[in-house]
Structure formats: structure tokens, C-alpha cells
Amino acid sequence: VDEALEGTAATVTMLEERLKALPYVQLFYTEIGGGEESETGVNEATIAVKLVGREQRALNTIQIAAELRRMFADIPGVKLTIQSVDSTPGGNDKPVSVDVSGQNMEELFAVSEQLMEALRAMPGAVDVDMNWRLGKPEVRVTPDYRRCADYNISPAQLALILRASFTGSVGSVYRVEGEEYDIRVQLSEEDRMDAATIGALPIAIEHGMVRLDALARIEMVEGPSKI
């Protein structure tokens with residue numbers, strides 16, 4: 001799905017509610033993203049579904065997969081892949097794969113999109129997708145070392161200020177009935193993706209304040225889809 005973690009979780013919940021209503025589903029397990037060594041992003045999720053025994057259902061796995069595709073087709077933004085689980089090495093790979101190689105990422109993506117459209121038009125082709133995604137927009141801050149030196153500010157100090165703005169800093173503590181809760185202050189999610197707002201962050205200098213964009217170049221770029 002084209003979502004952040006919260007959006008992915010909401011979409012997955014919708015899928016799960018529909019799975020619960022199916023008589024041939026015995027149980028299912030959901031995983032959003034992956035572990036530290038995984039290349040899976042938070043906009044991707046896997047739902048492992050265990051079906052009841054074959055003698056307890058009228059449909060085979062191919063028919064059930066087709067029914068699930070129809071059932072989930074109305075959910076916006078979802079790119080769905082349904083495949084049976086195979087314990088043999090490589091058993092979970094798709095039966096047909098096409099490798100596209102080149103040096104220009106934009107051209108690779110465009111050619112891959114055209115190829116997928118052609119494959120989708122073939123009779124019997126389902127779950128056509130590619131395993132590479134364009135990155136999501138992110139804000140890049142590049143210190144101007146000369147300007148930082150003029151104001152006696154180090155890039156490390158800028159990094160600390162940005163970290164506090166993005167991940168938050170504990171400004172106070174809320175106490176109630178013997179319990180303490182940190183009050184974390186940070187930029188809103190919308191402001192964290194707004195270059196103008198970030199550029200206007202005040203930076204304390206020896207004789208006053210200066211805007212962040214006076215000390216660094218701030219731009220919206222396309223971040224990597226996987227790191």
C-alpha cells in the first residue's frame with residue numbers, strides 16, 4: 001500500500017475483518033514491515049492464512065485465491081499478491097519472473113511499468129507486480145560549512161536540533177496518581193515534510209537567533225525505497 005505505518009495498519013485491519021468472515025479460513029497471522037535484516041518497508045504487509053482441511057471446504061486453493069482477489073479489489077491503494085506457501089527452497093517465488101536491468105533508474109521504472117501493463121493484458125496473468133519501488137519524498141538538509149563557521153555553529157549542533165525537532169525532546173513531565181509521563185515536544189507530521197517550515201526553525205547563536213535555512217540547504221528529494 002502507498003501508506004506510512006499507521007495507514008498500512010488500518011488497511012491490514014480492513015483485510016483481516018474480511019478474512020474473519022470466511023468459513024474456510026481457520027486462522028491467520030499478520031506481519032507489517034520486517035525485522036532489522038529485512039528489506040520490507042512499513043508500507044508492506046504479509047498475511048499468512050491457514051485454511052481448514054480440504055474435506056471441510058468446497059473450493060481449492062486456486063479458487064480461493066481468485067475469490068480473495070475479487071473480495072479485496074475495492075480497497076484503494078492495495079497491490080495484492082496471493083500465493084500458496086511452499087516449504088521447498090524457492091517454492092514461494094512466482095512462476096514467471098522478468099529481470100530488467102539498466103543504469104537509469106527512471107527509465108528502468110518506466111520500462112517496468114510498460115512491461116507490467118503488457119503482462120496484465122495476457123489471459124491468466126494475476127498479481128503482476130515488481131519488487132522495486134520508487135522512494136518516498138524526504139527532506140534533505142545539507143549544512144553550509146562556511147556559513148556555519150561564520151556563526152560558530154557546527155554541523156553536529158544542527159543535527160542535534162533536527163533530531164529534537166523530528167523525534168522530539170522531553171520538555172516536561174506530567175504527574176498523576178504517582179505516575180510520571182514524559183511530555184515530548186516535536187514537529188507535527190505535516191511540518192516534518194514541509195521544507196519551508198523546517199527552514200524556518202530558529203537556531204540559537206551567540207548574539208541572537210538565525211533561521212536554519214541561513215545555515216543549510218534544505219530540499220525535498222526522493223529517498224531510497226530500501227536501505
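Small disclaimer: the values here were computed from a predicted structure and weren't measured. What's counted below: heavy atoms across the whole structure, side chains too, no hydrogens, waters or symmetry copies.
- Partners of Arg147 under the salt bridge (charged side-chain N to carboxylate O under 4.0 Å, His left out) rule, at least two apart in sequence or in another chain, do not exist in this structure.
- In this structure, Val176 and Tyr181 have side chains that are in contact, with non-hydrogen atoms separated by less than 4.5 Å.
- Of all heavy-atom pairs spanning Ala58 and Gln63, the tightest one is O-OE1, 4.1 Å.
- The line from CD of Glu190 to OG1 of Thr197 is 10.0 Å long, rounded to the nearest 0.5 Å.
- Between Thr8 and Ala45 the shortest heavy-atom distance is CG2-CB, 4.3 Å.
- In this structure, Glu219 CD and Ile198 CD1 are separated by 12.0 Å, a value rounded to the nearest 0.5 Å.
- At a threshold of 4.5 Å between side-chain heavy atoms, the hydrophobic network of Ile, Leu, Val, Met, Phe, Trp and Tyr places Leu187 and Val185 in two separate groups.
- A 6.0 Å sphere centred on CG of Leu27 holds more than 12 heavy atoms belonging to other residues, nucleotides or ligands.
- Both Met220 and Val141 are part of a single hydrophobic cluster, where members link through side-chain heavy atoms under 4.5 Å apart.
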Practice task
Dump the intermediate steps for side chain to side chain contact (heavy atoms under 4.5 Å, CB included) on Val49 and Ile64, then the final yes or no.
Solution key: CA-CA 11 Å; Val49 179; Ile64 289 174; over 6 Å; no
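- Residues Pro23 and Val52 come closest through the heavy atom pair O-CG1, 4.1 Å.
- Between Asp213 and Arg211 a salt bridge is recorded (basic side-chain N to carboxylate O distance below 4.0 Å).
- When hydrophobic clusters are built by joining Ile, Leu, Val, Met, Phe, Trp and Tyr residues whose side-chain heavy atoms come closer than 4.5 Å, directly or via intermediates, Tyr151 is not grouped with Tyr145.
- Contact record, Pro143 with Leu158: CB-CD1, 4.3 Å, taken as the closest heavy-atom pair.
- Residues Leu22 and Met71 meet the side-chain proximity criterion, which asks for heavy atoms closer than 4.5 Å.
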Exercise for the section: Applying side chain to side chain contact (heavy atoms under 4.5 Å, CB included), run through Asn152 and Ile205 and close with a yes or a no. Expected result: CA-CA 7 Å; Asn152 197 28; Ile205 58 175; over 6 Å; no
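- Under the rule for a salt bridge (charged side-chain N to carboxylate O under 4.0 Å, His left out), Arg184 has no partner lying at least two apart in sequence or in another chain.
- Closest approach of Gly199 to Ile218, counting heavy atoms only: CA-CD1, 3.2 Å.
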Exercise for the section: Determine, step by step, whether Leu80 and Ile82 satisfy the side chain to side chain contact (heavy atoms under 4.5 Å, CB included) criterion, reporting the C-alpha distance in whole Å, the side-chain angles of both residues, the deciding distance to 0.1 Å, and the verdict. Expected result: CA-CA 7 Å; Leu80 193 67; Ile82 300 176; 3.7 Å; yes
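- Atom CD of Glu113 has more than 12 heavy atoms from other residues, nucleotides or ligands within 6.0 Å.
- Within the 4.5 Å cutoff, side-chain heavy atoms of Leu19 are placed close to those of Ile47.
- For the salt bridge (Lys or Arg N to Asp or Glu O under 4.0 Å) condition, no pair includes a residue of residues 149-167, sequence neighbours left out.
- For the atom pair Asp191 CG and Gln186 CD, the distance stands at 11.0 Å (nearest 0.5 Å).
- Of the inter-residue distances, the one linking Phe166 atom CZ with Met193 atom CE reads 8.0 Å to the nearest 0.5 angstrom.
- Between the side chain of Arg175 and the backbone N or O of Gly178 there is no donor-acceptor pair closer than 3.5 Å.
- Taking the salt bridge (charged side-chain N to carboxylate O under 4.0 Å, His left out) definition, one finds that Arg69 meets it with Asp127, sequence neighbours left out.
- Rounding to the nearest 0.5 Å gives a distance of 12.0 Å between OG1 of Thr11 and CZ of Phe72.
- Applying the side-chain hydrogen bond (donor to acceptor under 3.5 Å, both in side chains) test to Thr167 and every residue at least two apart in sequence or in another chain returns nothing.
- Residue pairs meeting the side chain to side chain donor-acceptor pair (under 3.5 Å) criterion with at least one member in residues 12-28, sequence neighbours excluded: Glu16-Thr30, Glu17-Lys20, Arg18-Asp74, Tyr24-Glu67.
- Using a 4.5 Å heavy-atom cutoff, the side chains of Val173 and Ile183 are not in contact.
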Practice task
Start with the C-alpha gap between Ser112 and Leu115, add the side-chain angles, then the distance that decides, and say whether side chain to side chain contact (heavy atoms under 4.5 Å, CB included) holds.
Solution key: CA-CA 5 Å; Ser112 298; Leu115 181 57; 5.6 Å; no
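- With rounding to the nearest 0.5 angstrom, the OG atom of Ser154 is 11.0 Å from the CG atom of Leu215.
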